[in-house]
Amino acid sequence: MSSGNDQNDKPSGARFGGFGGFGSLSKMGETMRQQAEELANKAATQANDISARIATPQKGDEAAAGGAAKTPAAAKTPAASSSTPGAPARTPDNISKEELLDVLQKMNKKVKALTSLRTQLADRVKVAEADKERLVALMTDEILSGDVALDQEKDQVTQLQVAWRKVDERNSMALQELQSEYKTVAQQCKEEVDQVKKAAEAEAQAQVERIRA
């Protein structure tokens with residue numbers, strides 16, 4: 001019986017090696033989906049902000065346009081000075097509409113790509129959840145014979161491991177009982193066979209004695 005107990009001790013870790021990714025798989029899919037949604041929302045916000053800037057002329061642009069119409073020479077002076085090392089950093093107020101449109105197109109492409117990625121991640125999460133439900137159903141209904149009620153707020157893998165150990169122990173005890181009963185029945189059958197043999201030998205001996213007499 002020691003070999004049976006050894007075999008019962010070994011499978012607990014190996015049999016659940018393939019189910020250790022239940023919780024981590026769901027968390028990974030949820031995290032990836034949230035990150036994709038955050039990136040898509042951020043890109044969409046930036047694109048909307050750029051669109052609003054393009055649609056609403058800035059006061060600095062109007063003043064620059066008026067100054068350029070009156071004094072063309074004066075309008076060229078800031079452009080020349082902007083290339084100097086001491087020139088101030090560029091801000092959205094002094095960026096041309098062409099540049100803003102180019103940025104807007106790039107942001108729209110990013111938004112589309114992130115939206116596509118979010119859809120793909122959502123599909124992968126659905127597939128992973130479906131596979132998880134199938135595996136849990138296989139464990140609870142087919143392997144554990146419905147002897148476990150999973151609590152969704154707790155670690156399902158741990159619950160399945162505990163339930164499996166209980167079922168394994170119960171099966172081991174049942175096997176030991178069957179083996180003990182088998183030994184008992186075998187011993188009884190052997191005793192009955194010995195009695196029949198003795199009775200047959202005694203009867204044969206009696207017949208021989210009668211024949212000799």
Side-chain angles (χ1 to χ4, degrees), residues 1-40 114-213:
M1 296 303 297
S2 60
S3 61
N5 293 333
D6 294 339
Q7 292 177 355
N8 293 332
D9 294 337
K10 293 179 181 178
S12 59
R15 290 175 180 171
F16 285 94
F19 301 100
F22 281 169
S24 61
L25 181 62
S26 299
K27 292 180 181 179
M28 181 184 67
E30 187 66 23
T31 302
M32 294 174 67
R33 181 169 55 187
Q34 290 178 358
Q35 291 177 352
E37 290 178 354
E38 291 176 358
L39 290 174
L114 291 174
T115 302
S116 177
L117 177 61
R118 181 178 61 181
T119 303
Q120 294 177 3
L121 292 176
D123 293 339
R124 291 173 60 184
V125 169
K126 290 180 181 178
V127 173
E129 291 292 339
D131 291 342
K132 173 192 170 185
E133 294 299 329
R134 291 173 57 192
L135 291 174
V136 171
L138 174 64
M139 288 293 300
T140 55
D141 298 337
E142 300 295 335
I143 299 178
L144 301 179
S145 301
D147 292 340
V148 58
L150 296 178
D151 187 353
Q152 299 298 330
E153 297 181 357
K154 298 180 180 179
D155 188 359
Q156 296 184 4
V157 175
T158 302
Q159 297 179 69
L160 290 173
Q161 287 177 337
V162 173
W164 170 256
R165 291 192 184 100
K166 291 181 179 179
V167 172
D168 195 26
E169 291 175 358
R170 186 165 60 248
N171 292 337
S172 297
M173 294 178 63
L175 178 60
Q176 291 177 0
E177 292 177 359
L178 289 175
Q179 290 176 342
S180 179
E181 291 179 0
Y182 173 78
K183 290 180 180 179
T184 302
V185 171
Q187 184 65 27
Q188 291 176 354
C189 291
K190 182 179 179 181
E191 292 175 356
E192 291 177 358
V193 170
D194 292 339
Q195 291 177 0
V196 170
K197 286 183 178 180
K198 290 180 180 179
E201 290 175 356
E203 184 178 355
Q205 186 66 26
Q207 290 179 357
V208 171
E209 293 295 334
R210 286 195 299 268
I211 292 172
R212 288 179 178 178

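FYI, side chains are in, hydrogens and waters are out, and symmetry mates aren't considered; it's all heavy atoms of this structure.
Across all non-hydrogen atoms, the minimal contact from Thr158 to Asp155 is OG1-OD2, 3.0 Å. Pairing each heavy atom of Val136 with each of Gln156, the nearest pair is CG2-OE1, 3.8 Å.
Distance CD/Glu192 to CD/Gln187: 11.0 Å, rounded to 0.5 Å. A distance of 12.5 Å separates CD in Gln161 from CG in Asp168, rounded to the nearest 0.5 Å. Taking CG from Asp194 and SG from Cys189, the interatomic distance works out to 11.0 Å, rounded to the nearest 0.5 Å.
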Is there a side-chain hydrogen bond (donor to acceptor under 3.5 Å, both in side chains) between Gln205 and Glu209 once you walk through the steps? CA-CA 6 Å; Gln205 186 66 26; Glu209 293 295 334; 3.3 Å; yes
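Using a 4.5 Å heavy-atom cutoff, the side chains of Gln159 and Val162 are not in contact. Residues Leu160 and Ile143 have side chains not in contact (no heavy-atom distance under 4.5 Å, counting atoms from C-beta outward).
Defined by atom type and a distance below 3.5 Å, a donor-acceptor pair is missing between the side-chain atoms of Gln195 and Glu191.
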